[in-house]
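Encoded as structure tokens, the structure appears first; notes follow it.
Sequential numbering from 1 along the given sequence is applied to the chain's residues. Heavy-atom basis, side chains included; hydrogens, waters and symmetry copies ignored.
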Amino acid sequence: MSNTGMNMRGKITFYEEKNFQGRSYECMNDCSDMTSNLSRCQSCRVESGCFMVYDRSNYMGNQCFMKRGEYSDYMSMMGMRDCIKSCRMIPMHRGQYRMKIYEKENFGGQSHEMMEDCDNVMDRYRMNECQSCNVMDGHWLMYEQPQFRGKMMYMRPGEYRNFMDMGMSGQRFMSMRRITDSCN
């Protein structure tokens with residue numbers, strides 16, 4: 001397989017117990033419901049690629065970004081209260097990044113187009129919050145607090161009219177970061 005093909009694939013292995021113990025489940029793509037493979041998941045190893053893991057099935061609930069590495073007790077390290085129930089592989093993106101953020105839901109209020117990371121929406125754009133967005137190019141992580149802290153949400157290309165429809169009620173996003181090719 002060519003180097004390009006290798007960069008497009010990801011591999012993550014989930015384990016029932018902490019410290020990579022118990023039954024395991026290997027995943028190389030999206031999995032909307034892991035409960036049919038493991039009753040619980042308390043550690044994982046990302047061998048290649050980047051993944052978002054979710055504490056609810058169908059890519060809902062709290063999310064956590066995982067890149068290559070070992071997570072012997074991801075629950076305490078990531079601050080997740082429940083075990084991983086679904087995961088999504090983040091495809092490698094090469095090229096420009098573009099996202100338009102909106103102050104209000106349904107693309108209302110002031111808007112700004114971004115092509116680079118933004119560590120503080122309030123400081124840069126004088127926006128109190130971001131309630132909808134349109135991702136034109138690339139894959140992004142949005143954070144509830146400035147400086148890329150707090151709960152996060154993975155945004156792939158598409159229109160997001162209302163974050164509450166995605167199970168993010170009451171959450172506002174104050175910083176955004178591109179997912180770059182550091183996922184190899």
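With a 6.0 Å cutoff to the six-membered ring centre and a 45° limit on the axis angle, R88 does not count as a cation-pi contact of Y154.
At least one donor-acceptor pair closer than 3.5 Å links the side chain of S132 to the backbone N or O of F107. Side-chain atoms of S24 never come within 3.5 Å of backbone atoms of F14 as a donor-acceptor pair (strictly under, hydrogens ignored). A donor-acceptor pair under 3.5 Å is absent between the side-chain atoms of N106 and the main chain of G108, judged by distance alone. E144 places a side-chain N or O within 3.5 Å of a backbone atom of K151 that can act as its donor or acceptor partner.
Across all non-hydrogen atoms, the minimal contact from M174 to M127 is CE-O, 4.1 Å. Of all non-hydrogen atoms in R149 and Y143, the two that sit nearest each other are O-CB, 3.4 Å. Taking both residues in full, the closest heavy atoms of Y15 and C44 are given as CD1-CA, 4.2 Å, listed atom of the first, atom of the second, then distance. R177 and F148 make their closest contact through NH2-CD1, 2.6 Å (heavy atoms, listed as atom of the first residue, atom of the second, distance). When all heavy atoms are compared, the tightest approach of M142 to M176 is CE-CE, 3.5 Å. Pairing each heavy atom of D117 with each of R124, the nearest pair is O-NH1, 3.1 Å.
For the atom pair K100 NZ and S111 OG, the distance stands at 4.0 Å (nearest 0.5 Å). The distance from the CE atom of M114 to the SG atom of C130 is 8.5 Å, given to the nearest 0.5 Å. Taken from CD in E129 to CD1 in I101, the straight-line distance is 11.5 Å, to the nearest 0.5 Å. Taking SG of C87 as the start and CE of M52 as the end, the distance is 11.0 Å to the nearest 0.5 Å. From N128, atom CG reaches atom NZ of K104 across 8.0 Å, with rounding to the nearest 0.5 Å. Within the model, atoms CE of M34 and OG of S39 stand 10.5 Å from one another, a figure rounded to the nearest 0.5 Å.
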Checking V135 against Y160 for the side chain to side chain contact (heavy atoms under 4.5 Å, CB included) test, could you report, in this order, the C-alpha distance in whole Å, the side-chain angles of both residues, the deciding distance, and whether it holds? CA-CA 8 Å; V135 177; Y160 301 89; 4.0 Å; yes
Test log, rule side chain to side chain contact (heavy atoms under 4.5 Å, CB included), inputs I84 and Y54: CA-CA 6 Å; I84 296 171; Y54 304 80; over 6 Å; no
Might you work through the salt bridge (Lys or Arg N to Asp or Glu O under 4.0 Å) test for K11 and E26, ending with a clear yes or no? CA-CA 7 Å; K11 182 178 176 185; E26 190 175 282; 3.3 Å; yes
Derivation of the side chain to side chain contact (heavy atoms under 4.5 Å, CB included) call for R126 and D123: CA-CA 6 Å; R126 301 291 178 237; D123 287 352; 4.3 Å; yes
Quick one, F65 with I179, criterion side chain to side chain contact (heavy atoms under 4.5 Å, CB included). Give me CA distance, side-chain angles, the key distance, then yes/no. CA-CA 10 Å; F65 174 72; I179 301 176; 4.0 Å; yes
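Side-chain atoms of S57 and S32, non-hydrogen and from C-beta on, never get closer than 4.5 Å to each other. Side-chain contact check for H112 versus E103: every heavy-atom pair is 4.5 Å or farther apart. Within the 4.5 Å cutoff, the side chain of T13 has heavy atoms near those of the E47 side chain. Between D33 and N58, every side-chain heavy-atom pair lies at or beyond the 4.5 Å cut-off. Taking the side chain as every heavy atom from C-beta outward, H139 and P91 approach each other to under 4.5 Å. Side-chain contact check for D137 versus M115: every heavy-atom pair is 4.5 Å or farther apart. For the pair F163 and M155, the minimum side-chain heavy-atom distance is below 4.5 Å. Counting only heavy atoms from C-beta outward, the side chains of Y71 and M66 approach each other to under 4.5 Å.
Using a 4.0 Å cut-off between charged side-chain N and carboxylate O, D55 and K85 make no salt bridge. Ion pairing between a basic and an acidic side chain is recognised when a charged N comes within 4.0 Å of a carboxylate O; R40 and E16 show no such pairing. Ion pairing between R98 and E113 holds under the 4.0 Å rule for side-chain N and carboxylate O.
Counting only N and O atoms by type, the side chains of S175 and Q145 include no donor and acceptor under 3.5 Å apart.
Taking hydrophobic clusters as Ile, Leu, Val, Met, Phe, Trp and Tyr residues chained together by side-chain heavy-atom distances below 4.5 Å, Y102 does not share a cluster with F173. If you chain together hydrophobic residues whose side chains sit under 4.5 Å apart, I12 and Y25 fall into the same group. F51 and F20 end up in different hydrophobic clusters when Ile, Leu, Val, Met, Phe, Trp and Tyr side chains are linked at under 4.5 Å.
Relative ring orientation between Y97 and W140 is described as perpendicular, the plane-to-plane angle rising above 60° on a 0-90° scale split at 30° and 60°.
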